[in-house]
Structure formats: structure tokens, C-alpha cells
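Accompanying notes for the structure given below.
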Amino acid sequence: MNTKNKRVAIIGAGPSGLAQLRAFEALEKQGIESPEIVCFEKQSDWGGMWNYSWRTGVGKYGEPVHGSMYKYLWSNGPKECLEFSDYSFDEHFKKPISSYPPRPVLFDYIQGRINKSNARDFIRFDTTARWVSFDEESKKFTLILDNLKEDRTYEEEFDYLIVASGHFSTPNMPFFEGIEDFPGGVMHAHDFRGADQFKNQKLLLIGSSYSAEDIGVQCYKHGAKSVTLSYRSNPIGVEWPDGIKEVPLLTHFDGATAHFTDGTSEDFDAVVMCTGYQHKFPFLPDELRLKTKNNLYPDHMYKGIFFNDLPQLMYLGMQDQYYTFNMFDTQAWLARDYVMGRFKLPSKKKRREDIRKWLDRHDAIKDSLDSVDFQTDYIKDLIALSDYPEFNLDKVSEMFKEWLRDKEENILTYRDKTYTSVVTGTQAEEHHTDWMFELDDSKERYLAFEEEVEETVPG
Ligand code: FAD
Ligand code: NA7
């Protein structure tokens, strides 16, 4: 296929969108010319979630703030499980580092790979994709775009559309009776920017997944008076230290008092809804929009990428995530090969059968261990279809399972463990300070050698 005159639009320059740019760059390095690529990013810089913003609500141009990350956020899984197989941590940092780096360090790593290329030239920053339509006759997408800086709206046509806009940005915000009269602060995890404001407060978190666990532990670490997690289906169920506990679901508030389904009640100073996010694509019409809950295999996408009704439309990173950066890579490589005519799609019916097979397996998942196996096999399936550099997925899967055990063993110390890279074989260093006593998440302190840092004492 002649791809020379084709145009590819990517929406989002987070890890998924950057993986797509990297995938095309890898081909260019082999001397194969790419089609014209334009990546639209509504923020002023790349990195998606990893590009921390102090802002909440709307950004400086009045767009909803994308970022949900916060200060003092450390990787919630071993870095060895997300390492790019074409750009190792060793290559980037030139020395072994620990297995659980803080956000600025992972942001630095993501940028390292792409900084060496001319990727920035393909990205139009401060540009929101406002609306997309597809013409059945010309088989082209029209994108309506807002140049936020210049306050200018324009449109362009593309042959392929790759949606990499993330799905942990639009809060799922439930209502509880009496919440309107709760005298303290109420926020969603999306607007949480760090534990500082909750020092000495009695904090109620709703939810029992990653956000509840991480925000709860961070607030405990940084001096909240108490942390209570309220679960709907299942508790996280680890042995919590004094000061953190789990209770069943909140039923209603009566002033500052929260009542729970087991009949207990307690007063709180503040509430954070750690109730997850909605897949939200306000720029896509009904018939092109992915409609799904947060799970490991959203329906309607062949290989978890190609929108089955219209495979010229691709989605990256829309799954719930054990694997992250390396999964986005394997998806991006395959999306690229489809655009390049190197990967041929079977018929719509055959694609549907493949999707069905995965959905049936998804329905049979019983626990987190099954979930890890499921996503591992999903990536194995993808990696076999492109030339993304192989890595030992069975070993990574084992690491994920060990990580789950580490967390169960001690939720406060699991980040002190170290793992071995499947890309380089390097054994991670122990961080110079135990995670519970490390209150500084800066890159400078993280990368400093032990003899250079003063011990930080909690409290
Ligand atoms: P995003 O990072 O969300 O990037 C999407 C990009 O699309 C953004 O830059 C956004 O501005 C842009 N965009 C959206 N809409 C438009 C539009 N209409 N027009 C133009 N641009 C648009 N993963 C880990 O591996 N380890 C962790 O420790 C970890 N911690 C996390 C903690 C939190 C609080 C959250 C929310 C997520 C965490 N994740 C973690 C998962 C994280 O989402 C992924 O690592 C990764 O950021 C997903 O990349 P993405 O590119 O798919 O989406
Ligand atoms: P998740 O993993 O989607 O989890 C959402 C949680 O919110 C989960 O425990 C849900 O309980 C709970 N939930 C959702 N709606 C409600 C209502 N109405 N009432 C009570 N509880 C509710 O989102 P997270 O934010 O934790 O994690 C997303 C990403 O952010 C992740 O990748 C991390 O790395 C950071 P359920 O079990 O469904 O009953």
C-alpha cells in the first residue's frame, strides 16, 4: 500500500501517544518512510498523566484539567514490569536505580526515549481535538481542532485516527445522601494533589482499588490523624497499620458523621472519592465512541486496538492496566503496522470471533493472579504480530505476582523490595531511604548517592 500520501492523527501525547510516535520512528530508522503524522495534545507538554499539574478544575485555557497525579506519588508497581524493551532504565540513568521510583523519575525516563528523536516536531501542543466525523464516501476523518493559545478553530482531514487520550481523567463521582451538608472538603481522587492538606485530619476515602490504597497510605505516611477506607464490593483486605482501617460502604452523611452499612458511624474532616474514572471521549460521535467500563478487555476492539466497526479508528491504552508503558508499545507497533499495510486484518466476522474468545476468557477471571495472566497473554498475542523487541513476559508475570504478594505481606514496605530487569538483567538497587521515611519525591534526592543524603525523619 502506498502510505506516502496518507495522514495519521493521534489524539494525546501521553505514554500511549508517544509510543505511537516512537513506533513510526523505529521504522524510519530502518529506512522505511512513514505517512504524515500529526499528534494533537491539549496540554503544553507531553507525558500525559506523568506531566504533573498543580491545577484542578480547568487549565489556563479553560479546558478540563487532564492530570490526576499528585505530589509524593511513587510507582505503584515495580518499574521492571513496565520497562520499554527498546530503551532500558540502565540506558537512561546509567546506573542501577530502585524498583519503585517517584513520578518525576518515571517522567524523566519516558521523556529520555523520545527526546532523542524529532518527535516534538509532530506534536501540536495546546491543541484540543474538539470533534471528529467520518465520511463513508471519502473514508476520511475530519477533525475539528482548537488551537487554545491562538483561540482559533480549524479542521483537517486524516485517513487514520489513533485515540490515545487516556481514561483516568474524568471522575466517576457517586452521590451519597447528606453529602451536600457535609461541612468538610469533598473531592474526587482526580483533584487530589498531595497529602499536605490532610495533615492531622480524619479522612474518609470511598473505594477499594489503587487510588484508595495509594492515597490512603500516602495520607497516613504524611501525617493524617486517621484514614478510613469504605468499600462497596470487596475490601483491599491487607493488614493495615493502626491509623488505617477498612469499613463497608457508606450509606449517608448526617452533618460530619458518616454512616456505614454495618450500622457503625464516625465523624470525619474530609472525604476523597476514590471511585474510579469514566472512559470519556467528548470529541467522538456515538458510532465511533468506545463505550466501556474500566476492565482488562473492553468490547468492540480487535486485539484491544482496532475499532471493529471501523478499524481505521484505533484506540491505545484503553484497558485497565497491570502492564503500562510496554503494553502501549506493543499496541502502537501493531497499529503502525496496520497503517503501513504490513499487518492485514481478517474479516470483520473473524475479528468478532477473536474478540469473543478474549471476552469469554475475561468473564472467567477469578482473581488478581488470573488478571495478570490474562494481560500477559494479551501482550504475548500482540508481540507475536509485530517486530517490537521481545522480552520475557513469563518473568514479568512472575514479578507482578510477587508484587501482589509483597503488598499483601506489608502495604507500607513493599516499595522497598527490588526486582531484576528482564531487559538488561540488572538487579535494582535498594533506595537510600526506606520508603516510609522518604518524604521527598524529587528526582535530585532520588538519584543522589547514600552518602549525599541526610536522613529524613517522619512527622
Ligand atoms: P494519559 O497519560 O492519560 O495521556 C493522555 C493524553 O491525551 C494527555 O496528555 C491529555 O492531555 C491528552 N488528551 C486528552 N484528550 C485530548 C483531546 N481532546 N485533545 C488533545 N489531547 C487530549 N501507571 C504506571 O505504570 N505506574 C504508576 O505508578 C501509575 N500510577 C498512576 C497514578 C494515577 C493517579 C493515575 C491516574 C494513573 C496511574 N498510572 C500508573 C496509569 C497511567 O494512566 C499510565 O501510566 C499512562 O499515563 C497512560 O498513558 P496514556 O497515554 O494512555 O494516557
Ligand atoms: P478503579 O481501579 O477503577 O477502582 C474504582 C474503585 O471505586 C473500586 O474500588 C470501585 O468499587 C469503587 N467504586 C466505584 N463506584 C463506586 C460507588 N458508587 N460507591 C462506592 N465505591 C465505588 O479506579 P482507581 O482510581 O482506584 O484506579 C485507577 C488508576 O488510577 C489506576 O491505574 C492507578 O494506577 C491509578 P467496586 O470494586 O467496583 O465495587
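Heavy atoms only: backbone and side chains are in, while hydrogens, waters and symmetry mates are out. In each ligand, atom 1 is the first atom listed, and ligand 1 is the first ligand listed.
The proximity of T275 to ligand 2, defined as any non-hydrogen pair under 4.0 Å, involves the side chain as well as the backbone. Of all the heavy atoms of F168, the ones lying under 4.0 Å from any atom of ligand 2 belong exclusively to the side chain. If you look at I206 next to ligand 2, the close heavy atoms, those under 4.0 Å, all belong to the side chain. Under 4.0 Å from ligand 2, not a single heavy atom of D320 appears. Looking at N76 against ligand 2, only its side chain comes within 4.0 Å, counting heavy atoms. In A189, neither the side chain nor the backbone holds a heavy atom less than 4.0 Å from any atom of ligand 2.
With respect to atom 38 (O) of ligand 2, the closest heavy atom belonging to the protein is R232 NH2, 2.9 Å. The protein heavy atom nearest to atom 37 (O) of ligand 2 is S233 OG, 3.7 Å.
Around atom 33 (C) of ligand 2, the closest heavy atom drawn from Y231, Y210, Y322 belongs to Y210.
With respect to F192, the side chain to side chain contact (heavy atoms under 4.5 Å, CB included) criterion is satisfied by exactly one of S211, S68, C219: C219. Of the residues I97, V105, D108, the one that meets the side chain to side chain contact (heavy atoms under 4.5 Å, CB included) test with H92 is D108.
At under 3.5 Å, not a single nitrogen or oxygen of N234, backbone or side chain, sits near a nitrogen or oxygen of ligand 2. Among the atoms of C274, some N or O lies under 3.5 angstrom from an N or O of ligand 2.
Close approach to S211 involves these atoms of ligand 2, each under 4.0 Å from a residue heavy atom: 24 (P), 25 (O), 26 (O), 27 (O), 30 (O). Within the listing of ligand 2, atoms 14 (C), 15 (N) sit less than 4.0 angstrom from a heavy atom of N172. Those atoms of ligand 2 that come under 4.0 Å of a heavy atom in S208, given as number and element, are 9 (O). Near L249, the atoms of ligand 2 lying under 4.0 angstrom from a non-hydrogen atom of the residue are 20 (C). Within ligand 2, counting atoms from 1 as listed, the ones closer than 4.0 Å to a heavy atom of P174 are 17 (C), 18 (N).
Heavy-atom distances between Y277 and ligand 2 reach below 4.0 Å in at least one pair.
Between the side chains of Y388 and D329, a donor-acceptor pair is found at a separation under 3.5 Å. Side-chain N/O atoms of T433 and R445 include a donor and acceptor closer than 3.5 Å. For the residue pair Y70/D214, the side-chain donor-acceptor check at 3.5 Å is satisfied.
Looking only at side-chain heavy atoms (C-beta outward), F374 and Y322 stay at 4.5 Å or farther from each other. Contact of the I123 side chain with the L21 side chain is registered, since non-hydrogen atoms from C-beta on lie closer than 4.5 Å.
Under a cutoff of 6.0 Å and an axis angle of 45°, K417 and W435 do not form a cation-pi pair. Cation-pi geometry between R113 and F84 is met: under 6.0 angstrom from the ring centre, within 45 degrees of the axis. Both the sub-6.0 Å distance and the 45° axial angle are satisfied by R120 relative to the ring of W46. Figure legend: cation-pi geometry between R22 and F24 absent, as NZ or CZ is not positioned both under 6.0 Å from the six-membered ring centre and within 45° of its axis.
Evaluation of the ring-ring contact (aromatic ring centres under 6.0 Å, His included) rule for Y446 yields H431 as partners, not counting sequence neighbours. With sequence neighbours excluded, the residues forming a side-chain hydrogen bond (donor to acceptor under 3.5 Å, both in side chains) with K303 are D354, D381, listed by chain and number.
The salt bridge (charged side-chain N to carboxylate O under 4.0 Å, His left out) pairs that include a residue from residues 54-70 are E63-R130, where partners are two or more places apart or lie in different chains.
Protein residues having a heavy atom under 4.0 Å from any atom of ligand 1 are I11, G12, G14, P15, S16, F40, E41, K42, Q43, G48, M49, W50, H66, S68, M69, Y70, L73, S75, N76, L82, T127, T128, A129, A164, S165, G166, F168, F283, Q321, T324, F325, F328, listed by chain and number.
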